[in-house]
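Since the structure comes first, as structure tokens, the remarks are kept for the end.
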Amino acid sequence: MENPGKISHLVIVGGGTAGWMSAAFFSKVFTPRQMRITLVESAEIGTVGVGEATIPPITFFNQVVGLDEGRMLAATEGSFKLGIEFVGWGDPAGRYMHPFGNYGTPMDGVSFHAYWLRARQRGYKAELFEFSLSDLAAKAGRFDWRAEDPRDPRAAMAHAYHFDASLYAKLLREVAEGRGVQRLERTIRGVNLDPLDGTIASLALDPGEILAGDFFIDCSGFRSLLIGEALKVGYDDWSQFLPADRAVAVPSARYEDPIPYTRAIADKAGWRWRIPLQHRTGNGYVYVSDHIGDDEAADVLLASLAREHPENKALADPRFLRFATGRRTRSRVKNCAAIGLSSGFLEPLESTSIHLIQHGLIKLAGSFPRAKDDPAAAGIYNRILGDEMEQIRDFLIYHYHANRRVGEPLWDRLRHMAVPDSLREKMELFRTRGATIFPNQTIFQEPNWLAIMMGQAGEPEGYDPLADLMDERLLAERLHHMRVACRQAADRMPTHASVLARFPADSQKRRADAPVA
Ligand SMILES: Cc1cc2nc3c(=O)[nH]c(=O)nc-3n(C[C@H](O)[C@H](O)[C@H](O)COP(=O)(O)OP(=O)(O)OC[C@H]3O[C@@H](n4cnc5c(N)ncnc54)[C@H](O)[C@@H]3O)c2cc1C
């Protein structure tokens, strides 16, 4: 990318996932001659260290920064992810998959599910999930990559990863330092603003050093050192819609082959996650502190491990985290952009935080400042990022609001709460017309909304009338053909375990190479 000139020193504050993703990304976008990049991280202030499940755009980010998929999986103990299974969110005894990729194929410009709904209203038996190859493969413990040829059913697939977030940051650090990023291990004690224009002039580092820069990326996590503390940007709290404010996390021993999907299990005061890596499983309970205490939440989580399998043993003490769901009212101000938790946090139900980091970086590159203060570019950036956060917020609220867990106080309250108008309209369109194409769809598109709305609300009353234009026999033949092709393609796929065996974790290789005592 051409360097706009005036900005020649980029300072990144923080060395968590957001900090090292920023460093790896901008060291690829700019050459060291165009941009000096310095990353400051503190040895005394740790990282969040969770954040193990991702969504498909991560494959694009890895390509951009030059990370080979095999190398990434081996270095991060990673596994493939084809979707998220939601257990007990709609019907308390039910489960559904939010698979990555598409259902069926659109025909004559009309969405596939409109035809399927038409057929269902006339007694067709096959379920929607039978037309999602990612869903079938995930449940069968199989995996394959998306095919380029549109005639191949695998063209409808998409994948993401589960990985150890600390190892991912470590790998990105290697990449970034290899491209000339300078890392300073210092604690920042103060932020100096330019008295004339209010931009950030420099950081006061321990012990007594000053680090000046032209543009600053705030990746300081929940502390929000630059955008929040120094530039005083406010926080929009969304906890009235998304009330979970704490989490407890614990890794457990691997006792089975990693499944190629995340599990999100609704519970009395929130939900539990289960994220399978090559060497261990990540487990957590996201909860509402008004409805359960910390000790009880940890007990619930630990008891759930033992219930799953006797060998599913905790490998460490439970770790507690606190957060407030919401976002900074602006995430780019003056010569500073907040990336990662410093810009806000939407709880991890749909694994969207790492996606928001990469989305922010890509939009920041596209609107890179031409001067220290570039209000036009900052304004556009803030609108784009704000829209993305609001879309994700609505998507998350839907899971809680459309529950059928009658008689549980938290869930009863969430079912009856007033939701944002933007979500209320979507729910109405789906219920009456089966519509899932909504304005400004970027990250969550038609198949994503379809998966969660069908999974939690069930079949809508209507469907797109254009689906009635197809001849009935032709439709039956096409549905039959698609369903069989999907099933056969799933059966032909290798198992997830056999695919992962091609990318054994570096830690396993090290253990195998270690001399026998
Ligand atoms: C319970 C939970 C579960 C999550 N699960 C997922 C998930 O499954 N998928 C997903 O995409 N995301 C998930 N996330 C979010 C994900 O963890 C974060 O988006 C990601 O880790 C980025 O964090 P960060 O780098 O912004 O902040 P941190 O990891 O907090 O890093 C902050 C950095 O700033 C530095 N720092 C702070 N203050 C100073 C100072 N004064 N001087 C110098 N350095 C300083 C620290 O040293 C550290 O390096 C989850 C979050 C939580 C809370």
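Counting starts at 1 for both ligands and their atoms, following the listed order.
With atom 31 (O) of ligand 1 as the reference point, the heavy atom nearest to it among Ser224, Ala338, Gly16 is part of Gly16. For atom 10 (C) of ligand 1, the choice among Ala249, Ala53, Gly284 with the nearest heavy atom turns out to be Ala53. Closest heavy-atom approach to atom 48 (C) of ligand 1 among the candidates Gly221, Ser220, Gly46: Gly46. Relative to atom 33 (C) of ligand 1, the option among Gly19, Ser342, Cys219 with the closest non-hydrogen atom is Cys219. Of the candidates Ile58, Thr17, Val50, Val13, the one placing a heavy atom closest to atom 16 (C) of ligand 1 is Val50.
Nearest protein heavy-atom contact of atom 45 (C) of ligand 1 is Ser42 CB, 3.9 Å. With hydrogens left out, the protein atom closest to atom 46 (C) of ligand 1 is Ile45 O, 3.4 Å, a heavy atom. With respect to atom 6 (C) of ligand 1, the closest heavy atom belonging to the protein is Gly51 CA, 3.1 Å. Looking from atom 24 (P) of ligand 1 to the surrounding protein, the closest heavy atom is Ala18 CB, 3.9 Å. What sits closest to atom 1 (C) of ligand 1 on the protein, heavy atoms only, is Ala247 CB, 3.5 Å. Of the protein's non-hydrogen atoms, Ser353 CB, 3.3 Å is the one closest to atom 19 (O) of ligand 1. Of all protein heavy atoms, the one lying nearest to atom 3 (C) of ligand 1 is Pro348 CG, 3.5 Å.
Residue contacts with ligand 1 for Thr54 are absent, since no atom lies close enough (heavy atoms, distance under 4.0 Å). Contacts between Arg186 and ligand 1 below 4.0 angstrom, taking non-hydrogen atoms only, involve the backbone exclusively. When non-hydrogen atoms are compared, ligand 1 lies under 4.0 Å from the backbone of Glu52 (N, CA, C, O) but not from its side chain.
For the residue pair Trp145/Glu69, the side-chain donor-acceptor check at 3.5 Å is satisfied. Looking at His355 and Glu388, their side chains do bring a donor and an acceptor atom within 3.5 Å of each other.
Figure legend: cation-pi geometry between Lys334 and Phe216 absent, as NZ or CZ is not positioned both under 6.0 Å from the six-membered ring centre and within 45° of its axis. Relative to the six-membered ring of Tyr287, Arg246 misses at least one condition, a distance below 6.0 Å or an angle of at most 45° to the axis.
Of the polar atoms of Ile188, at least one N or O is found under 3.5 Å from an N or O of ligand 1, judged by distance alone. Below 3.5 Å of separation, one finds no N or O of Ile275 facing any N or O of ligand 1. Remark: ligand 1 and Phe222 share no N or O pair separated by less than 3.5 Å (distance only, no angle test).
Of all atoms in ligand 1, numbered sequentially from 1 with element shown, those under 4.0 Å from a heavy atom of Gly340 are 26 (O). Annotation for ligand 1: atoms under 4.0 Å from non-hydrogen atoms of Ser351 are 9 (N), 11 (O).
For Lys170 and Glu77, the salt-bridge test fails: no basic side-chain N is under 4.0 Å from an acidic carboxylate O.
When each of Asn62, Thr54, Thr17 is paired with Tyr168, the side-chain hydrogen bond (donor to acceptor under 3.5 Å, both in side chains) condition holds for Asn62 and for no other.
The CZ atom of Arg332 sits 4.0 Å away from atom OG of Ser367, with the distance rounded to the nearest 0.5 Å.
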Exercise for the section: Before giving the answer on side chain to side chain donor-acceptor pair (under 3.5 Å), spell out for Asp164 and Thr76 the whole-Å C-alpha distance, their side-chain angles and the decisive distance to 0.1 Å. Expected result: CA-CA 5 Å; Asp164 181 319; Thr76 63; over 6 Å; no

